[in-house]
Amino acid sequence: MALDTKYQPEATENKWYAYWQEKGFFRSTVDPEREPYTVVIPPPNVTGVLHMGHMLNNTLQDVLVRKARMEGKNACWVPGTDHASIATEAKVVAMLKERGIEKSSLSREEFLHYAWEWKEKYGGIILEQLKKLGASCDWERTKFTMDEDLSGAVIDVFIDLYRKGKIYRGVRMVNWDPAGKTALSDDEVITKEVASHLYHIRYQLADSEEFLTIATTRPETIMADSAICVHPEDSRFQHLHGREVYIPLIKRRIPVITDSYVDMEFGTGCLKVTPAHDLNDYEIGLRHKLPVIDILAEDGRLNAQAEILVGEDRFVARKKIAKMLEAEGHLLQVEPYTSNVGHSERTDAVVEPRLSLQWFLKMDEITQPAFRNVMEDVIQLHPPKFKNMYRAWMENVRDWCISRQLWWGHRIPAYYLPNGEFVVAKTAEEALRIAEETYGQSFAPEDLRQDEDVLDTWFSSWLWPLSVFDTRVFGGEAPNEELKYYYPTNDLVTAPEILFFWVARMIMAGYEYTGEKPFRNVYLTGIVRDKQGRKMSKSLGNSPDPLALIRDYGADGVRTGMLFSSPAGNDLPFDEKLVEQGRNFANKIWNAFRLVKGWEVSETAEVQAPAAGSWFENRFQAALAEIEDHFEKFRISDALMTTYKLVWDDFCSWYLEMVKPPYQQPIDPVTYEQTVGFFERVLKLLHPFMPFITEELWHALRDREEGDALIVASWPKKETFDPAILQDAAQIFDVVTQIRNVRSAKGISPKEAFVLTVNTQQETRYTAYKAILMKLANLTDVQFGSEVEGAISFVVKADECFLPLGEQIDLEKERETIEKELAYTKGFLASVQKKLSNARFVAGAPEQVVANERQKQADAEAKIKALEESLQKLS
RNA sequence: GGGAUUUUAGCUCAGUUGGUUCAGAGCAUCUGCCUUACAAGCAGAGGGUCGGGGGUUCGAAUCCCUCAAAUCCCA
């Protein structure tokens, strides 16, 4: 059969993915006989499409899952999506707008109908894309955070925490969009520089004819002032401490307070404090127990609390107030000023900081086990540097605002009563019953009004590692078999950006509802960035299309490309060169297969390299030990690199070259069997990284029985290896490289064969590898001796090697080279001797270190001797 | 403003409790090869005073201080 010289991934990938699914290799069910290995996917946004971050993240998960599966564990990777209330609602609103429908014209039910329609249409796309990447998820377990049972769990948790007294209602300042009449998250606010004015306004002191002057950009809010604040150390205002002033126009008395928040350099050094309309002022208000006076309605007009200009828009009011202040002589100065003003991403209205009643979860107690168990490494973060960040956050954690002014999500199960109270219950009927019991009066169902808000998306995804297995445990039921078997999960792979939003909260929920951690290890990936260091995002348009990449480079190429340069916790500066390297690697493996597949086996064929097998056997074990160590420490990039070098350098460049028969000649059966066996073993190591090409070659290398697939083949067992063999071979390889080097430097063709003469203490080393040495360096013989006429010489470790090159030798140049090396080695020896002659070193350093230094000394001395001999022969 | 992390070859990163071969890898670069597995390749080579300065130590990329730069989180 004629095989293409290039690996063609596309057909292979579809074929094997279908095969794996058809055979049910991704499926996991409870099996107490086997050790479970569980991973829950960080649920991507249901309306999202695959981006580079998902590619990296899910490749890593798939590597871990596939390796565990090959190790014989019951590997269970649970896929799913989350409802992402803000993002999804924004998309649905945008879709409706395109159809000419305003959200405000719809009822809640109508809107949700459209939202579900959207979800049904687009919700599965991202999971389908993950299949192209090769993700070996148990698709039968696919979950969605708004599935009926998962939603029930969220509501149960809200009720439970409310009854435990951990959930309360409180005031919080939000970004308010007066045009959209909705609260915005910080991400939806765009800050722009706006040309405005700084108004200098004087306030009269209550007990004298004096005035003080403040500077503000928002004169229309003076009616909401609760105090005037000065810096406690500001010498200009010491006389004002403890006194009171009148707000101009409305003549309300407010105190002068001191707080170091005030910037003495800015404005006049006197700050008007308006707790209802500025976040910093709100905090000053809390510290000084100031009243909160809210003068703005939800549409941005002044309300009755303002006393004057009621019903005017805030910007109209600003101009009118300025005029009124001027008329009364209170406006001293208006200076131009540029300020940063938040605008609504969607309506472009100026965002108003606004106090609103929100639901909060108390964090003081629920964080305790989550904090302790990470600090004590019960749950390990990889890399551990994130522990510091985690601690900083957990030590300064604030109560969690869990309500959102949206419709898409889990509606808060609180029901308001006509008497101003509310009850929390799973259903309206239950709420009615509780209300009647609690207040001893009867209510009609329509008396109850359910809270309009939904819960923060994280309030459902924090349950994810539990709720994908068991949704009833939150209602107080005993854990089911699934939860008992699969939980705690093993590894979680996610981005550091959501270490607090998601990871920490999952840990809290895990301990709260099971008393047990949700996972053992958290692998934190980096962010995929472009060459300029910018985060890849759709809006910047700097992200390649992942599916196009897979099409162009193959899924295996893309997977390895992403992993080559992404140690845990480090950002990945993406470069198409990386996936090109991945593709080249797949091609290299493909061509190694072509070589082996092309061999004809013959009983009479000569064994090329008897020592090759035992060398590679040991080399493989050494690499395997290293790979296992890397995996254990979650150094996935390093595990890949070690595998890469084992395959490319050791297997292809050294081993296959050793055993390869001369052109068009057959290979002996023993070497062939051994080579196919090695090939199978390297395919196993490669499989987690490159599942498709390895499965393809697994089947192409031998005839397989039904169900003998690489995806479920056994991971190679770690065995001891002999470092002496590796050392011997390394010495031989060094000699080969030196000979090639001499050829390269002298412009001698690799086809010209030589006799190598070696002066060594370890002749057996050379006889054992004689065939290999001759083959790889193109020698006609290897002899031993200390002198060769007309030869060029070089020293490898302590061994002196001679190649007879006749007239091609430039004696003067050779001498120079050797003298240079000699001087260098003498310098090195001197530094070692200096160390050894230092009594404090010999006394203080560990025995092993001193022994090493002595070895270095001996090696250097031997080398100097060999070099000096060479030099002597030249003269 | 508070906190965290990072700074090692052109790029991306290793470098384990300070001590093996005088700092390693991959990619990129340079040189020579279309040597029938692979030019998506083969063979070989060059490249770093470990961000700057100071200190501790017999010995520092590694520990301490200081300065500088970058990134991230919280406000």
Side-chain angles (χ1 to χ4, degrees), chain A residues 3-7 186 261 263 279-280 283 383 385-393 395-398 496-497 499-501 526-527 529 531 533 553 557 564-567 569-575 577-578 580-599 629-630 633 635 637-638 640-642 644-645 648 652-653 656-657 660 663-664 736-745 747-751 776 778 797 824-825 827-832 834-846 848-856 859-860 863:
Chain A
L3 291 169
D4 203 318
T5 59
K6 309 253 187 300
Y7 170 60
D186 291 347
Y261 167 78
D263 179 356
L279 182 57
N280 294 313
E283 284 178 356
K385 69 179 178 184
F386 286 106
K387 263 171 87 173
N388 281 334
M389 215 188 270
Y390 186 87
R391 175 199 324 201
W393 189 72
E395 281 177 346
N396 300 295
V397 69
R398 297 182 161 211
E497 312 165 276
L499 181 59
F500 315 133
F501 290 132
I527 297 164
R529 298 180 179 279
K531 276 190 219 168
Y553 294 95
F564 274 133
S565 173
S566 53
N570 275 59
D571 285 359
L572 167 67
F574 184 79
D575 189 330
K577 278 247 148 66
L578 287 168
E580 201 179 306
Q581 192 188 347
R583 177 201 61 181
N584 293 354
F585 186 37
N587 200 47
K588 184 73 189 176
I589 299 164
W590 173 252
N591 276 292
F593 164 73
R594 284 181 64 221
L595 174 70
V596 173
K597 199 66 192 168
W599 285 337
D629 184 52
H630 286 318
K633 292 171 179 152
R635 299 166 156 186
S637 291
D638 292 331
L640 170 62
M641 190 45 71
T642 306
Y644 179 86
K645 286 194 278 190
W648 199 308
C652 295
S653 295
L656 288 179
E657 290 299 331
K660 180 163 96 176
Y663 182 54
Q664 285 191 334
V736 170
T737 300
Q738 280 297 329
I739 295 171
R740 286 170 175 171
N741 185 7
V742 167
R743 281 206 160 93
S744 179
I748 299 166
S749 163
K751 286 174 186 155
L776 299 183
N778 190 22
K797 291 271 160 59
Y824 188 77
T825 313
F828 173 60
L829 177 64
S831 82
V832 172
K834 190 177 155 200
K835 233 185 241 185
L836 284 169
S837 60
N838 184 331
R840 295 184 66 179
F841 170 73
V842 180
Q848 185 58 44
V849 174
V850 179
N852 284 333
E853 290 301 316
R854 291 203 202 286
Q855 185 59 48
K856 273 156 83 176
D859 288 348
K863 184 157 186 169

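Chain naming here is simple, since letters A, B, ... match the order of the sequence lines and numbering starts at 1 in each.
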Regarding [X], tell me which of base, sugar-phosphate or nothing describes its non-hydrogen contacts under 4.0 Å with the strands shown.
| X | value |
| --- | --- |
| A/Ser637 | nothing |
| A/Phe386 | nothing |
| A/Tyr644 | sugar-phosphate |
| A/Phe501 | sugar-phosphate |

Side chains of [X] and [Y]: closer than 4.5 Å at any heavy-atom pair?
| X | Y | result |
| --- | --- | --- |
| A/Leu776 | A/Ile739 | no |
| A/Tyr7 | A/Arg583 | no |
| A/Arg594 | A/Asp4 | no |

Using the [atom1] atom in both, what is the distance from [N] to [M], to the nearest Å?
| N | M | atom1 | answer |
| --- | --- | --- | --- |
| B/G10 | B/G18 | C1' | 30 Å |
| B/G26 | B/G41 | P | 14 Å |
| B/C22 | B/U12 | P | 25 Å |
| B/G1 | B/A60 | P | 37 Å |
| B/G51 | B/U8 | C1' | 10 Å |
| B/A37 | B/U31 | C1' | 25 Å |
| B/C11 | B/U29 | P | 14 Å |
| B/G55 | B/A61 | P | 15 Å |

[atom2] on [Y] to [atom1] on [X], rounded to 0.5 Å:
| X | Y | atom1 | atom2 | value |
| --- | --- | --- | --- | --- |
| A/Lys751 | A/Asn778 | NZ | CG | 10.5 Å |
| A/Lys588 | A/Gln581 | NZ | CD | 13.5 Å |
| A/Phe386 | A/Trp393 | CZ | CH2 | 15.0 Å |
| A/Thr642 | A/His630 | OG1 | NE2 | 3.5 Å |
| A/Glu497 | A/Ile527 | CD | CD1 | 4.0 Å |
| A/Glu580 | A/Asp575 | CD | CG | 9.0 Å |

Checklist entry - Has A/Lys577 got more than 12 heavy atoms of other residues, nucleotides or ligands less than 6.0 Å from its NZ? => result no

Between A/Leu829 and A/Ala860, the two heavy atoms sitting closest are CD1-CB, 3.9 Å

Grab the [atom1]-[atom2] distance between [X] and [N] for me, whole Å please.
| X | N | atom1 | atom2 | result |
| --- | --- | --- | --- | --- |
| A/Ile748 | B/A43 | CD1 | P | 19 Å |
| A/Lys385 | B/U71 | NZ | P | 15 Å |
| A/Arg743 | B/G44 | CZ | P | 12 Å |
| A/Trp590 | B/G41 | CH2 | C1' | 17 Å |
| A/Trp393 | B/A75 | CH2 | P | 10 Å |
| A/Leu640 | B/C27 | CG | C1' | 13 Å |
| A/Lys645 | B/G24 | NZ | P | 12 Å |
| A/Leu776 | B/C42 | CG | P | 14 Å |

Taking for each residue the nucleotide of RNA chain B with the nearest heavy atom, is it A/Thr737 or A/Arg529 whose nucleotide lies nearer the 5' end?
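The residue mapped nearer the 5' terminus is A/Thr737.
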
Assert: residue with more 5' nearest nucleotide on RNA chain B, out of A/Met389 and A/Lys797, is A/Met389

Are A/Trp590 and A/Phe593 close enough, and set up right, to give a ring-ring contact (aromatic ring centres under 6.0 Å, His included), and what steps lead you there? CA-CA 5 Å; A/Trp590 173 252; A/Phe593 164 73; 5.8 Å; yes

Under a 4.0 Å heavy-atom criterion, the protein footprint on nucleotides 30-40 of chain B, written with B, S and -, is ------BBB-B

Heavy-atom contacts, protein to nucleotides 7-20 of chain B, under 4.0 Å, summarised as B (base), S (sugar-phosphate only) or - (none) per nt, yield -----SSSS---BB

Is the ring pair A/Phe564/A/Tyr644 parallel, tilted or perpendicular, if the boundaries are 30 and 60 degrees?
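Perpendicular: the ring planes of A/Phe564 and A/Tyr644 meet at over 60°.
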
The dot-bracket string of RNA chain B, counting Watson-Crick and G-U wobble pairs with both distances under 3.5 Å, using [ ] for crossing pairs and | for pairs to another strand, is (((((((..((((.....[....)))).(((((.......))))).....(((((..]....)))))))))))).

